[in-house]
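Below is one structure; the comments refer to it alone.
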Amino acid sequence: MIPENCTFCGLCCTLTVRLSDKDIKRIEKTGRKRNEFVVADSDGKPLLKREKGWCTFFKREGRIGICTIYNNRPDSCRDFPGKRLCDLAENPIYKYMNKSDEENKRILELRRNAPTSETPTEKIESAQENAKKVLNPS
């Protein structure tokens, strides 16, 4: 589900994603090998690999964040955020990030561009139009 105020900033692609066996099989159907995209958490449970703070399948095109396996993404990504509007930029998990860490600097930059409940409609619509051009080039 894409929230109505999604600006394709990519901030959601910085979150930790648990993988089910079904998710892993779905992604493997794209030709990728498990060891390319799965890492284990401290309990040995599978997580989606992150590189430099972002999901391994996250790709940036200008200011637009793209999932390179969108049609085969994990169920938790399909269900995120599970509501009409995205408010991830307002989430306190980002409030106390160490700004001196290079990975966190990039994530905080995404946060600055992410939609909030205060984001003007014009800015959201403009970002969505730009995303359509990137996602559906003519």
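Please read these numbers as outputs of a predicted model, since none were measured by experiment.
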So, [X] and [Y], do they make that salt bridge, N to O below 4.0 Å?
X      : Y      : result
Arg18  : Asp23  : no
Arg84  : Glu4   : yes
Lys132 : Glu129 : yes

Would [X] and [Y] show up in the same hydrophobic cluster when neighbours are defined by side-chain heavy atoms closer than 4.5 Å?
X      : Y     : answer
Leu110 : Tyr94 : yes
Leu85  : Phe80 : no
Val17  : Phe57 : yes
Ile69  : Phe58 : no
Trp54  : Val39 : no

Please report the interatomic distance [atom1]([X]) to [atom2]([Y]), rounded to the nearest 0.5 Å.
X      : Y      : atom1 : atom2 : result
Leu11  : Leu88  : CG    : CG    : 4.0 Å
Phe8   : Arg60  : CZ    : CZ    : 12.0 Å
Glu51  : Glu103 : CD    : CD    : 11.0 Å
Leu19  : Lys25  : CG    : NZ    : 13.0 Å
Glu102 : Asn104 : CD    : CG    : 9.5 Å
Gln128 : Ile2   : CD    : CD1   : 8.5 Å

Can you find a pair of side-chain heavy atoms, one from [X] and one from [Y], that are under 4.5 Å apart?
X     : Y      : result
Glu90 : Ser117 : yes
Cys67 : Cys77  : no
Glu28 : Phe37  : yes
Thr56 : Glu36  : no

Is the side chain of [X] donor-acceptor paired with the backbone N or O of [Y] at a distance under 3.5 Å, no angle test?
X     : Y     : answer
Asp41 : Gly44 : yes
Arg78 : Asn71 : yes
Arg73 : Tyr70 : yes

Arg32, CZ atom: more than 12 neighbouring heavy atoms under 6.0 Å |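 Counting other residues, nucleotides and ligands, CZ of Arg32 exceeds 12 neighbours.
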Where [X] and [Y] come nearest, the two heavy atoms and their spacing:
X     : Y     : answer
Asn72 : Arg26 : O-CD, 3.5 Å
Pro46 : Val38 : CB-CG1, 3.7 Å
Asn35 : Lys49 : O-NZ, 3.2 Å

Pick out which of [options] makes a side-chain contact (heavy atoms from CB on, under 4.5 Å) with [X].
X     : options                   : answer
Cys86 : Thr7, Thr116, Asn5, Asn91 : Asn5
Glu61 : Leu135, Asn130, Val134    : Val134
Pro74 : Ile24, Asp79, Leu48       : Leu48

